[in-house]
Each structure stands twice: as structure tokens, then as C-alpha cells.
Amino acid sequence: MQRDHVYISELGEHVGAEVTLRGWLSQKRSSGKIRFLVLRDGTGFVQCIAFVKNVSPETFEAAGQLSLESSLVVRGTVKADARAKGGYEIDVRELELIGDGGEFPIQPKEHGVEFLFDNRHLYLRSRTPQAVLRIRNEVVQACRDFFYERGFVLIDSPILTPAACEGTTTLFETDYFGQQAFLAQSGQLYLEPACMAFGKVYCFGPTFRAEKSKTRRHLTEFWMIEPEVAFLELAGLLDLAEEFVSYIVARVLDRCAEPLEFLERDTSGLEQIAAPFPRMTYDQAAEILRGEEAQKRMREAGAPPFEYGGDLGALDETILTEGKDLPLAITHWPKEIKSFYMQPAEDDPDKVLGLDLLAPEGYGEIIGGSQRIHDHDLLEQRIREHDLPMEAFQWYLETRRYGTVPHSGFGMGIERVVTWLCGIAHLREAIPYPRQIHRLYP
RNA sequence: UGCUCAGAAGCUCAAUGGCGAGCAGCCGGCUGUUAACCGGAAGGCAGUGGGUUCGACUCCCACCUGGGCAGCCA
């Protein structure tokens, strides 16, 4: 493509030459005879210097008048300068204002959470969101590459779904031409039939949970990537999950050094990550959580004590993973606390072949999955036990009626992974426009 | 939904029951700044409603709005 301008990331190829840059004014400082304009164009930042003797009086005056976030065309000479961040500066010859920045609400200073997210559409221009969202971009691309390279076929699942798959309380309800419909909370039920057609499939899209969660680990709309594989059993699923996570981490370390550094992410732990990960059963985890040490921690934190048979709480997950570099896989869960479609363990029918993968450093669950029940009658029985509307599951049951095979899959929350890799505190930073119980704007 | 914290200038925050500052914006100064610096003017019915008091941003009650934590889960 023929261009008459260059990007900031390309400045190294143009040292000594006069170039045209296009972007936004991200910072400015001025003195009597010299003005510093920091330009941002999406590929980087560069400081442009307007010196009174090198530009016309009009241009010098204009450089002083510019407000933050004004869009600009800058013409000037590229100079290598040791004083410059990034190594280059622009000796400005000419400035052209495209759009005045006005009184830009986001200032180079601290702001409150509410203000920043009320202004998320403008906050995206700041460095921190850009670093996080670039890492998100890499995570998503790595996921797609991983599955593509291994012959998985992308099967997009519907977002508008007819009936409650796992109970309606956590689903957003909507009206579908007079019929009740729900926003999907998982593509899994649609992937299981698809894996009987393509063998290895995955879906990747937004999913919706109407839970009134108010924590740093929850969004009402988030992105989940879900593989589903025919003839795969729990052991193979563990291998797949570990290989998958290792691949993503390696890709981000390889290609996102700059944003990781900007976020001041200590990557020493991430660099250790490679399959296999430590694995334990629910019973083994319970053993640790019922230990003296763990119980004491829970009392001190005022957290509810762990009880055998129950799900893991946030502190439980932290106790199991803190100080560890590798994620932790937990399998063989009590069937009462897991979904109806999970395959029972052969040697212990009270346990199901579920898999949770906990990120290290207390970042919590990033993957949840299982081997699925492939026996028609057993699945039908489970649907009945869970008081689910049998008629809504007829098509799902048919996967088991016609040439059923053991199969397994999992879902990975993209924002959870991004939050962990970035080492940031809150999931809302990891998605461009977060949706939370108290946030539907912008 | 429960517990907890907080609502004051466009933004971020001080102040024993008797209203202040920084940043942004405006005016002016400075040839190397890195959230630049220096000077000046301007900017306020303190979330809403009630109560206590000579007097309430401050103490009490209710409500509203949001943050943090918990549960639920990715």
C-alpha cells in the first residue's frame, strides 16, 4: 500500500528524513521558545519538538494552543536522540490540526473507577487500557491459532437460545417474536453434536450470566472459548487444557513484552509455565483445605470454613494456588455441585469427571470442563433428577441416540486469563466495554 | 442479596461543629520538558430528605448512587 505518512513504530527506518505523522496529542509541555508535543498514533508514542526558530510563528503559536487529544498531522524530521523515550524525536516543521481535543475529560493523573468507566470510550486512549487490550488481542489470536493448527473446526454457537439449559435464574431473558428466549451462557450443548460431525470443534463468543455478582472476578457479559472433542476422555482433556494454556502464555511472553513491561508485570512466574501442571482430585484438595493451617486462615479471614462436598470459595482457591507458578488442575468433583451432563467416575459414582483449572497467584478459575455423559439413558435420568424440562433437551439427547461416543470439552474465560497474564486487579479492565451489574454504559 | 466503605469545584483529595488545595480550563512567564515548572484571576446550595444544635461537610435516621469483600461461576 502506498502511503504518504508513516507510523510511529516505523520511525527507525526514517532517521534523518522528513516524515508525516498522523495521530493524537497525548501530552504536551511548553517553555518560552520550545514546545513538546507527545503524539500517539496507535503504534506508539513520540515526542515532537516545536522550536521557535525551526517553525513559522503561526505553527509555533498553534503548538502552544493545542489541547490534549487533538488530532493532528505533524510534518518534521526524524532524529535519533538519547533523551527521547523510544530513541527518536520529531523536529517539527509543520502542524495541521484535524479535530480540536476540547476539554478532554481524562487527564494525565489519577481518576476514580466510576469516572474512568463512565468514560471508557475515551479511557481506551490511555496507556494502561491499551497495554491490557493488546495482550487480550494476543490471547485471542493465540487461542484461534492453537485450535486451527490442531485441526479444530470453528463452530459458532447461537447466542439466542430457546430454553434454559441449566436453570433460568442466571440467564438474561428476552422476547423472541413473542416467544421466550435467553442469551446463551455457554455454547457447549451445541458443540457436543458438532463434535460428532467434525471430531474436534470449538466456539468462541460472548456469553451472558445474569448473576448479580459484584466481585473483581465477574462480568455479566464475557468471552469464552470452548473446545469439544469426540472420543476424548478426562485424561486427554487435562492434556489439552494444559497444552492450551501453556501455548497462550508462551505466545504472550513472546509477543507482548512491551505491554507487559508497561504494566510492570513480573513475568518470572509465567516463564515457568509448561505442561504438565500439578493435578489433584477434589478429595486431595479437600484434604489440604481441612488441614489445620487452612482452617486457621479461613477463621482469620472471616471466610466461611471449607466443608467437604461443597464448592471451593475464593479463599480456598487462593490457599491452593498461592506461591505456585503453575496452574492447578482439580478433577473428580462431587456430582451434587456440578452440572447434570458430567460423566460419573467409574470407581466412584458420587464423583464426576469434571475439571477445574485454577490460575496461580489467586487469580481463580480460568477453565471449567468435563467429560460428558455419552450414555443416553443415564443422561436422560440426570435431566430428570435436575428437574430440567425434558422436551427442551430432545435434540441434545439425540447425540446419544445416534452413534454416541465418549467426548469431553471445557470453557475458558478470556477475561480471566487476560487479567491473570496482565497481573491486574479487576476483570473489567480486561474487556473493552465491561458489562456489570451496575454498568451498561457506555 | 449480605457485610463494609464512600458521596464536597470538570477530576483527585485535605480540614476537632464555624470550607481548603492540587490538576484541568482561562490569562501571563520560561530553550530540553517527561503526570514539567513559576505567577494571576475564576470556579462550591457539600447525593436526596429529615433530625440534633446558636450554628452541620462534620453528629443521628432514612433513602439514592457507587466502590471493596462474600456467594454464584469463566
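A note on names: the letters A, B, ... follow the listed sequences, proteins ahead of strands, and every chain is numbered from 1. Note: hydrogens, waters and symmetry copies are ignored here, and every other heavy atom, side chains too, is used.
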- request: Determine, stepwise, if the pair A:Tyr202 / A:Phe410 fulfils ring pair (Phe, Tyr, Trp, His ring centres under 6.0 Å).
  value: CA-CA 10 Å; A:Tyr202 77 101; A:Phe410 64 75; over 10 Å; no
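- Going from atom CG of A:Leu260 over to atom SG of A:Cys422 covers 6.5 Å, rounded to the nearest 0.5 Å.
- For B:U52, there is no paired nucleotide, since no Watson-Crick or G-U wobble pair has both relevant distances below 3.5 Å.
- Test A:Lys85, A:Arg83, A:Arg29 against A:Gln47 for side chain to side chain donor-acceptor pair (under 3.5 Å) and you get one pass: A:Arg29.
- Considering all non-hydrogen atoms of both residues, A:His218 and A:Leu427 come closest at N-CD2, 3.6 Å.
- When Watson-Crick and G-U wobble pairs are counted only if both distances are under 3.5 Å, B:A24 pairs with no nucleotide at all.
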- request: Please test A:Tyr123 against A:Phe115 for ring pair (Phe, Tyr, Trp, His ring centres under 6.0 Å), starting from the C-alpha separation and ending with a verdict.
  value: CA-CA 9 Å; A:Tyr123 182 36; A:Phe115 180 78; 9.3 Å; no
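- The residue A:Phe51 sits close to a base: some heavy atom pair falls under 4.0 Å.
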Filtered N/O pairs between nucleotides 37-42 of chain B and protein, under 3.5 Å:
none

If you restrict it to nitrogen or oxygen atoms, what contacts under 3.5 Å exist between nucleotides 63-67 of chain B and the protein, and what is each distance?
from: B:G66; atom 1: OP2; to: A:His438; atom 2: ND1; distance (Å): 3.4

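- As the counterpart of B:U58, no nucleotide is assigned, since no Watson-Crick or G-U wobble pattern has both distances under 3.5 Å.
- For A:Ile248 and B:A74, the CD1 to C1' distance is 13 Å, given to the nearest whole Å.
- No cation-pi contact links A:Arg290 to A:Phe306, judged by a cut-off of 6.0 Å to the six-membered ring centre and 45° from its axis.
- Nucleotide B:C19 is matched to nothing when pairs are restricted to Watson-Crick or G-U wobble geometry with both distances under 3.5 angstrom.
- Residue-level contact check: A:Gln27 touches the backbone only, with heavy atoms under 4.0 Å from sugar-phosphate atoms and none from bases.
- Positionally, the nearest nucleotide of RNA chain B for A:Arg29 lies more toward the 5' end than for the other of A:Phe222 and A:Arg29.
- Within 6.0 Å of CD on A:Glu149 lie more than 12 heavy atoms contributed by other residues, nucleotides or ligands.
- Taking the ring centre of A:Phe45 as origin, the terminal cationic atom of A:Arg127 falls inside the region bounded by 6.0 Å and 45° from the ring axis.
- Look at A:Lys109 and you won't find any side-chain N or O under 4.0 angstrom from OP1 or OP2 of B:C23.
- Of the two residues contacting RNA chain B, namely A:Arg35 and A:Gly313, the nearest-nucleotide position lying further toward the 5' end is that of A:Arg35.
- Among the atoms of the strands shown, none is found under 4.0 Å from any heavy atom of A:Gly364.
- Between A:Arg416 and the phosphate of B:A74, there is no side-chain N or O to OP1/OP2 separation shorter than 4.0 Å.
- Judged by a 6.0 Å distance limit and a 45° cone about the ring axis, A:Arg428 is positioned over the six-membered ring of A:Phe117.
- Within 4.0 Å (heavy atoms only), A:Phe115 reaches sugar-phosphate atoms of the nucleic acid but no base atom.
- For RNA chain B, none of the residues of residues 116-134 of chain A falls under the heavy-atom distance limit of 4.0 Å.
- Summarising the base pairing, B:A70 is matched to B:U1 through a Watson-Crick or G-U wobble pair whose two defining distances lie under 3.5 Å.
- Nucleic acid contact class of A:Leu219 (heavy atoms, under 4.0 Å, all strands): base.
- Between B:C73, B:U12, B:G71, one nucleotide has an atom nearer to the side chain of A:Thr215 than all others, and that is B:G71.
- A 3.5 Å limit on both hydrogen-bonding distances identifies B:A6 as the Watson-Crick or G-U partner of B:U65.
- At a threshold of 4.0 angstrom between heavy atoms, the contacts of A:Leu427 include nucleobase atoms, whether or not backbone atoms are also involved.
- Within the nucleic acid shown, A:Glu226 has no heavy atom closer than 4.0 Å to any nucleic acid atom.
- Here A:Gln107 does not reach the OP1 or OP2 of B:G25: none of its side-chain N or O atoms lies under 4.0 Å away.
- If you check distances only, the side chain of A:Ser213 does reach the base of B:C72 with a donor-acceptor pair under 3.5 Å.
- Backbone-only engagement by A:Met224 is indicated by non-hydrogen atom pairs under 4.0 Å involving sugar-phosphate atoms exclusively.
- Contact check, A:Arg217 against B:A70: a side-chain N or O comes under 4.0 Å of OP1 or OP2.
- For the pair A:Arg435 and A:Tyr433, the NZ or CZ position fails the cation-pi test of under 6.0 Å to the six-membered ring centre and within 45 degrees of the ring normal.
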